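One structure is given here, and the rest of the page talks about it.
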Amino acid sequence: MALTRRIIPCLDLKDGRVVKGTHFEDLRDAGDPVELAARYNEQGADEVVFLDITASKEKRKTIVELISRAADQLFLPLTVGGGINTTADITAILRAGADKVSMNTAAVQNPKIISEGAAAFGTQCIVLAMDVRRNYIPQDGTTEISLPDGSSCWYEVVTHGGSRPTGIDAILWAKEAEERGAGEILLTSMETDGTKEGFDIPITEAVASATNIPVVASGGVGTLEHFYEGFVTGKADACLAASVFHFGELTIRDVKEYLATRGVPVRL
Amino acid sequence: MMKIAIIDYGLGNLRSVFRGIEKAGACPVITHDPEEIQSADGIILPGVGAFSEGMGRLSPIRQCLLSVAGEVPLLGICLGMQMLMDESEEHGNHQGLSLIPGNVRKFQPEPEMKVPHMGWNTIHHAMPDDPLLFGIPDESYFYFVHSYYVSCPAAYRLCETGYIVPYASAVKRGLIYGVQFHPEKSGDVGLLLLKNFIGIC
């Protein structure tokens with residue numbers, strides 16, 4: 001027997017509701033977070049991720065109360081991201097019942113938060129959330145990655161919900177985060193997010209090969225085959241999906257049964 | 001109703017352990033008060049984080065723990081299990097509680113085998129008749145998150161898991177138990193293990 005590949009439903013939260021968008025925009029309501037989390041618990045999800053995309057800081061406090069309510073129903077690992085900037089934020093989120101916190105913008109602006117968080121809470125608690133986009137304009141010191149159509153690009157880290165390019169090379173950033181003590185990388189490609197055309201395999205494979213911590217592929221899953229590609233071609237340790245689960249197109253069990261028939265180790 | 005003391009030493013996610021114990025049918029109390037710990041029917045030593053910091057924070061109640069352990073059933077979870085051992089090599093060598101003989105070692109990463117060992121893996125029952133494992137099928141899946149593992153003599157090995165190396169994923173010495181995985185995060189089978197622990201108390 002072996003460590004299984006993980007299937008993780010992701011709940012994007014805005015003002016206390018689950019929402020889902022395309023290319024980080026055009027949000028649709030997808031239900032109550034506590035109800036959805038409980039449903040995924042029953043369906044055999046391996047973990048659950050909550051990403052708080054609430055725009056205003058005042059409303060962000062509701063996330064702690066929400067995590068508490070969800071954690072009470074959920075005997076599964078829970079990762080929470082969004083708006084976490086300080087070790088005090090991390091403490092509050094973990095106290096509410098989360099097991100891991102993911103950080104994106106905060107980690108780029110202040111990479112020390114990764115080291116400090118890892119020192120205080122353990123590396124297993126600290127997830128680097130990395131949002132990336134393809135950049136076709138060559139730049140010194142970046143990692144060129146070949147694309148399936150024969151062209152190539154480098155992947156640039158973006159922050160603030162995808163709105164701000166940083167000029168940072170995704171591969172170098174992933175390695176730095178690992179050195180600083182991140183225990184996992186949650187990788188979302190803006191190229192594929194919400195498209196249902198499949199994960200961005202080239203960057204997933206590149207990050208998984210460049211680091212020695214688990215990589216969670218995110219953004220773009222639409223079919224059973226996409227999960228298989230994420231694990232086998234993309235070498236992801238976990239695949240994250242939102243809309244295919246929220247809108248009932250696939251259940252977690254459908255995905256796991258399919259993967260098991262194709263020889264991917266999953267927990268059924 | 002059984003009173004289970006969940007030791008609060010300022011680290012880790014106590015809420016899910018609390019809810020797990022409640023769901024398993026006992027009365028959990030989160031505490032670092034020696035009197036409350038001594039009067040409990042069972043003790044859970046949870047833990048997430050680094051070994052030396054955990055031991056440091058545990059020092060005010062170290063004596064209390066050492067005196068009740070073995071008389072009152074104790075269950076260490078994750079770092080809580082590791083702290084039961086003699087010594088850990090996490091960030092230098094650090095002394096543990098020495099309640100169970102053994103050491104805590106770092107996983108050496110291998111290709112395709114990432115560290116932390118994070119996710120669902122199976123446990124093989126090395127002591128199949130132990131009451132902590134009642135009703136839990138051999139090779140059941142539990143949730144693991146750790147970068148260090150316990151190496152101990154076979155006499156104390158309750159369960160084994162293979163990841164990079166075969167190691168002790170659960171240990172037992174008398175009424176002192178430790179599990180490397182997180183029963184409070186392992187769905188129904190995890191809740192059953194907590195229920196079994198309450199049954200031992």
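Quick caveat: nothing in here was measured; it's all calculated off a predicted structure. Letters go in sequence order (proteins before strands), and every chain restarts at 1.
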Need one label for B:S147: side chain, backbone, both or neither, based on atoms under 4.5 Å from any heavy atom in chain A. side chain
Flag the pair [X] and [Y] as a salt bridge only when some basic side-chain nitrogen lies within less than 4.0 angstrom of an acidic carboxylate oxygen.
X: A:E47; Y: B:K185; answer: no
X: A:K175; Y: A:E179; answer: no
X: B:K106; Y: B:E89; answer: no
X: A:E42; Y: A:R39; answer: no
X: A:R95; Y: B:D8; answer: yes

I need the minimum non-hydrogen distance between A:P9 and A:I252, along with the two atoms involved. CG-CD1, 3.9 Å
What pair of heavy atoms forms the shortest contact from B:P109 to B:V115, and how long is it?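 Looking at all heavy atoms of both residues, the closest pair is CA-CG2, 4.0 Å.
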Derivation and outcome, side chain to side chain contact (heavy atoms under 4.5 Å, CB included), residues B:L45 and B:L58: CA-CA 10 Å; B:L45 182 58; B:L58 209 54; 3.9 Å; yes
Does CG in B:D138 sit with more than 12 non-hydrogen atoms of other residues, nucleotides or ligands closer than 6.0 Å?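 Enclosed.
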Per-residue contacts, residues 69-78 of chain A versus chain B, heavy atoms under 4.5 Å: A:D72, A:L74, A:F75, A:L76, A:P77, A:L78
Does anything in residues 201-217 of chain A get under 4.5 Å of chain B by heavy atoms, and if so which residues?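 Within residues 201-217 of chain A, the residues under 4.5 Å from chain B are A:A208, A:T211, A:N212, A:I213, A:P214, A:V215.
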Would you please classify the geometry between the B:H94 ring and the B:F51 ring as parallel, tilted or perpendicular, with 30° and 60° separating the classes?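 The rings of B:F51 and B:H94 sit tilted, inter-plane angle from 30° to 60°.
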Sort [X] into side chain, backbone, both or neither according to what part of it lies under 4.5 angstrom from a heavy atom of chain B.
X: A:S68; value: both
X: A:T4; value: both
X: A:R6; value: side chain

Greatest number of heavy atom pairs closer than 4.5 Å to chain B - which of A:Q124, A:K235, A:R5: A:Q124
Measure from NZ or CZ of A:R262 to the centre of the six-membered ring of A:Y228 and say whether it is under 6.0 Å with the direction within 45° of the ring axis.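 The answer is yes; both the distance and angle limits are met.
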Would a line drawn from the ring center of B:Y167 to the ring center of B:H146 be shorter than 6.0 Å?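 Distance test on ring centres: under 6.0 Å, yes.
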